[in-house]
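Here is the structure we will look at, set down as structure tokens.
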2 protein chains.
Amino acid sequence: MSENIKEPLFNLLHSMKRSLRQAIEVDNLGITPLHMRVLKIISFYNQKVTANDIVQKTLIDKAQLARLIKELIGLGYVSKLDNPNDKRSYYLGISGEGEQIVKQLSTAENRVNEIMKSGLTEQEIADFVRLAKQMAHNLNQHNE
Amino acid sequence: MSENIKEPLFNLLHSMKRSLRQAIEVDNLGITPLHMRVLKIISFYNQKVTANDIVQKTLIDKAQLARLIKELIGLGYVSKLDNPNDKRSYYLGISGEGEQIVKQLSTAENRVNEIMKSGLTEQEIADFVRLAKQMAHNLNQHNE
DNA sequence: ACAACATAGTTGACTTAGTCAACCACAACA
DNA sequence: TGTTGTGGTTGACTAAGTCAACTATGTTGT
């Protein structure tokens, strides 16, 4: 019988989310792990990423993302910039305050990352990530 | 810089949950993936598992689990049996109908499982699962 | 040029998942 | 026997995810 991958994966994600939430929450201002996830992407592709790009990357529902972005704008971490190529769309930029949050919370996230990786080799981590990507790809392929 | 494990893992779980939901939902009667997860455990340890055992295994919050079980009982898939050793507690048993659901939905889950694993070797799967368990363990250790 | 269709983003309404605190009944034990 | 601990339940809540309908703009084919 084929090994069941789901259960350990559910467990891992559960633990990871909890640790992340704790790590983030300490400092805390109205930011959830999901906000952080989006904020990091915006920070990385500063002013060169649209809401739809983020939907493609993350598979977050576009409705949900619209609200997340609205909240991040409300908090002053993110702003919209006109997209001259498409008036329906806009680029997302991060503010100085937003950058600060990302920096601050990235160190918290990295602590969690390190804890998670303890006892594993770099090669194992790399393989793990590769397999995770492959499996996600398999599932997504199959879903259209 | 250390590789970020979170993003591919979030993606994978997201895709997996969506596929699972689709697979389960086709047949469908008031069952969510989480119900299924619990139901499978009860089926496996039939009449030898308590609510608290499941909490230990899955890290599902005990409040949430109490409600899940209540729902499964309401659907007639699960029943409580007195625990002679501890009157606060009870063993969980699965009904014939419950078994049927588990069988039926297991085949759907296995389809998802196979899609996810396509292109990977058994060895890779085994390693992946081992690493996932190790990482969850690392995080949980650290959290008390 | 313009109708038909597609896409980016928004809003509403909803379900599922996860969390925390308070509580009850019973257990364990000093 | 009283204090403290544990299994389970309920209330009240937040976070995450989903689906459908809609607006405004873009794209394509004729």
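Proteins come first, then strands; the chains are lettered A, B, ... in the order of their sequence lines, and each starts at number 1.
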- Item | Sugar-phosphate only, base, or nothing, as touched by B:Lys70 at under 4.0 Å among non-hydrogen atoms | sugar-phosphate
Contact list (N/O, under 3.5 angstrom) for nucleotides 21-30 of chain C vs protein:
from   : atom 1 : to      : atom 2 : distance (Å)
C:dA27 : OP1    : B:Lys87 : N      : 2.8

- Are any of B:Arg21's side-chain N or O atoms less than 4.0 Å away from OP1 or OP2 of D:dT18? yes
- Query: Would you say B:His14 reaches D:dT18's phosphate, i.e. side-chain N/O to OP1/OP2 under 4.0 Å?
  - Reply: yes
- Check step by step if side chain to side chain contact (heavy atoms under 4.5 Å, CB included) holds for B:Leu92 and B:Leu81. CA-CA 6 Å; B:Leu92 292 164; B:Leu81 295 93; over 6 Å; no
- When the distance from CG of A:Asp82 to P of D:dG26 is rounded to whole Å, what number comes out? 11 Å
- C:dG12 base to A:Arg67 side chain: any donor-acceptor pair below 3.5 Å? yes
- Query: Do B:Asn4 and A:Lys40 have side-chain heavy atoms sitting under 4.5 Å apart?
  - Reply: yes
- Hey, is the side chain of A:Tyr90 poking within less than 4.0 Å of OP1 or OP2 on D:dT25, counting only N and O atoms? no
- Between B:Leu65 and A:Ile60, the residue closer to the 5' end of DNA chain D by nearest nucleotide is B:Leu65
- Round to a whole Å and report the spacing from CG of B:Asp53 to C1' of D:dT6. 13 Å
- Query: Looking at B:Thr32, does any N or O in its side chain come under 4.0 Å of the phosphate oxygens OP1/OP2 on C:dA17?
  - Reply: yes
- Task: Look at A:Glu124 together with B:Arg130 and state whether they make a salt bridge at an N to O cut-off of under 4.0 Å.
- Result: yes
- Any B:Gln64 side-chain N or O less than 4.0 Å from OP1/OP2 of C:dA17: no
Check: residues 60-75 of chain A side-chain donor-acceptor pairs under 3.5 Å, at least two apart:
from    : atom 1 : to      : atom 2 : distance (Å)
A:Asp61 : OD2    : A:Ala63 : N      : 2.9
A:Asp61 : OD2    : A:Gln64 : N      : 3.4
A:Glu71 : OE1    : A:His35 : NE2    : 2.6

- Query: Side chains of B:Asn138 and B:Gln134: is there a donor and an acceptor less than 3.5 Å apart?
  - Reply: yes
- Close side-chain approach of B:Arg37 and B:Thr58, heavy atoms under 4.5 Å: yes
- Message: Rounded to whole Å, please give me the gap between CG in A:Leu20 and P in D:dA15.
- Response: 15 Å
- Can you check the A:Leu34 CG to C:dA17 P distance for me, whole Å? 17 Å
- Item | Between C1' of D:dG7 and CD1 of B:Ile69, the distance in whole Å | 11 Å
- Sub-3.5 Å donor-acceptor pair from the side chain of A:Ser43 to the main-chain atoms of A:Leu39, do we have one? no
- Between P of D:dA15 and CG of B:Leu13, the distance in whole Å: 20 Å
- Query: Is any side-chain N or O of B:Thr50 closer than 4.0 Å to OP1 or OP2 of D:dG7?
  - Reply: no
